[in-house]
Amino acid sequence: MLQANKDIKRREGFEGQKLIVLPKKIITGFLSKDPVTRQIYITDIGYYPKAKFHYAERPAGINQHIIIYCTEGSGWIEINKKRVDLSPSQFIAIPANTPHRYAANTNKPWTIYWMHFKGDTAGFIINLILKNSENYKPHLAFNEDRIKLFEEICFNLEKGYSEDTLRYVNMIFYHFLSSLIYENKFNHIDKTEDDVVGKTIAYMQQKVNITVKLDEIAASVNISASHFSAIFKSKTGHSPIEYFNQLKIQKACQYLSFTNMAVKEIAITLGIEDQYYFSRMFTKLMGISPTKYRGKNQAAE
């Protein structure tokens, strides 16, 4: 049995590998304290191609969260004594302080991108990943842009640890993590429900200057109003009409900022006949009246 953190059997490394371990002084002195990076930050990151004999065992886990993304070959991971296989286009998320061990398969060893990370929001992020997965093992379609994000992080960290570099790479890391959690948006994949929402939003954008009822919006995607409303709210967090009104207010902000149109004229242009209803709706969403919004923006120019 190997001791925790003394875990890699293959000591000589793997040809073409990358490995960056952030110094403890950098982690405790800057990353864990800076307002930008303390939310989530990388502590270790690496790339192991065809990592034959790669093996790690941590009976008590470690105090960082781990992500291992397999692009070729295969391997296995045991988390809390439950073993799962990892194949290309799959990744594993291992929460901090979770007992685990893993290894590359001998015949076709995996090629993996991996990172350890911490931060104030790291636990929440890892839970989002696990919420969208089964058995710790979500499927992930290969995307070259995702790999470029990883390479950009490594490229900059290899230059050193200036404060600007550390902020930059960890802001990229946020993007990398979002590509894991919201793969459909990152890869522009249309699943049935996502396609419904996408088509609906496009329809709303086209109709933003008129009044449209819920039944009409639902009919545009050929779904009953009740079922449509449930799908839309589950995906966006807002009811269809609430979302439609948000788009109207977004458009109103543009009119107020870039035109001399009167508030009443803007309301009518957006399909809202009652200027006072429009003003109340605008104020509720923006926290400021249309007139004050225009004055504030003009003063800032």
Side-chain angles (χ1 to χ4, degrees), residues 31 36-47 61-71 75 77 79-80 82 84-98 100 102 110-154 156-157 166-201 230-238 243 246:
L31 290 173
V36 173
T37 60
R38 73 185 184 197
Q39 300 303 316
I40 197 159
Y41 55 88
I42 296 167
T43 62
D44 309 68
I45 187 168
Y47 165 68
I62 55 175
N63 65 356
Q64 302 122 12
H65 305 288
I66 303 171
I67 288 174
I68 300 174
Y69 172 36
C70 177
T71 57
I77 298 184
I79 303 176
N80 281 326
K82 182 175 183 177
V84 294
D85 294 320
L86 197 66
S87 302
S89 296
Q90 293 177 329
F91 76 97
I92 284 281
I94 306 175
N97 305 311
T98 301
H100 64 271
Y102 51 78
W110 59 22
T111 291
I112 56 172
Y113 295 81
W114 59 268
M115 58 282 297
H116 297 185
F117 62 99
K118 299 179 71 173
D120 294 346
T121 61
F124 182 78
I125 293 293
I126 208 77
N127 285 335
L128 276 180
I129 294 173
L130 294 176
K131 182 180 177 182
N132 295 332
S133 68
E134 295 181 3
N135 298 324
Y136 299 94
K137 186 182 66 176
H139 183 272
L140 196 66
F142 180 83
N143 186 301
E144 187 175 344
D145 290 337
R146 182 183 292 110
I147 301 303
K148 286 180 179 178
L149 293 176
F150 183 94
E151 291 175 344
E152 180 75 359
I153 292 171
C154 291
N156 280 277
L157 285 176
L166 293 170
R167 290 192 185 104
Y168 176 64
V169 299
N170 284 292
M171 291 171 84
I172 295 175
F173 185 48
Y174 254 121
H175 191 186
F176 182 89
L177 289 171
S178 72
S179 80
L180 306 182
I181 301 169
Y182 304 111
E183 185 192 10
N184 292 341
K185 296 182 183 298
F186 189 73
N187 284 341
H188 306 291
I189 298 171
D190 285 335
K191 291 185 178 179
T192 303
E193 291 186 359
D194 294 320
D195 193 31
V196 166
V197 172
K199 287 180 178 178
T200 300
I201 293 172
I231 291 174
F232 193 90
K233 187 164 186 177
S234 72
K235 290 293 181 179
T236 67
H238 303 280
Y243 198 98
Q246 289 174 4

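In this text, all values refer to a predicted model and were calculated from it rather than measured experimentally.
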Which atoms form the tightest heavy-atom contact between [X] and [Y], and what is the distance?
X: Ile172; Y: Leu149; result: CG2-O, 3.7 Å
X: Ile42; Y: Asn170; result: N-OD1, 2.9 Å
X: Thr37; Y: Leu31; result: OG1-O, 2.9 Å
X: Ile126; Y: Ala93; result: CD1-CB, 3.8 Å
X: Trp110; Y: Cys70; result: CB-SG, 3.9 Å
X: Ala122; Y: Ile40; result: CA-CD1, 4.0 Å

Inset, instruction - Using the test side chain to side chain donor-acceptor pair (under 3.5 Å), find all partners of Glu151 that sit at least two apart in sequence or belong to another chain. - result: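 Checked Glu151 against side chain to side chain donor-acceptor pair (under 3.5 Å); zero matches.
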Inset, instruction - Determine yes or no for a side-chain-to-main-chain donor-acceptor pair under 3.5 angstrom, with His65 supplying the side chain and Ala96 the backbone. - result: yes
Legend entry - Donor-acceptor contact below 3.5 Å, side chain Arg167 vs main chain Val36: no
Inset, instruction - List the steps, then state whether side chain to side chain contact (heavy atoms under 4.5 Å, CB included) holds for Leu166 with Leu157. - result: CA-CA 8 Å; Leu166 293 170; Leu157 285 176; 4.2 Å; yes
Point-to-point distance, once rounded to the nearest 0.5 Å, from [atom1] of [X] to [atom2] of [Y]:
X: Leu130; Y: Ile125; atom1: CG; atom2: CD1; result: 11.5 Å
X: His100; Y: Ile66; atom1: NE2; atom2: CD1; result: 3.5 Å
X: Phe176; Y: Ile181; atom1: CZ; atom2: CD1; result: 11.0 Å
X: Ile92; Y: Leu86; atom1: CD1; atom2: CG; result: 5.5 Å
X: Ser179; Y: Ile147; atom1: OG; atom2: CD1; result: 9.0 Å
X: Asn80; Y: Ile94; atom1: CG; atom2: CD1; result: 10.0 Å

Do [X] and [Y] come close enough that some side-chain heavy atom pair is under 4.5 Å?
X: Val169; Y: Ile45; value: no
X: Pro88; Y: Thr71; value: no
X: Tyr41; Y: Phe173; value: no
X: Leu177; Y: Ile67; value: yes

Indicate the ring-plane relationship of [X] and [Y], choosing parallel, tilted or perpendicular according to the 30° and 60° boundaries.
X: Tyr47; Y: Tyr113; answer: tilted
X: Phe91; Y: Tyr69; answer: perpendicular
X: Trp114; Y: His116; answer: tilted

Legend entry - Pair Tyr243 + Phe232: ring centers closer than 6.0 Å: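 Yes, the ring of Tyr243 comes within the 6.0 Å limit of the ring of Phe232, centre to centre.
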Legend entry - side chain to side chain donor-acceptor pair (under 3.5 Å) contacts touching residues 117-126 (sequence neighbours left out): Thr121-Tyr174
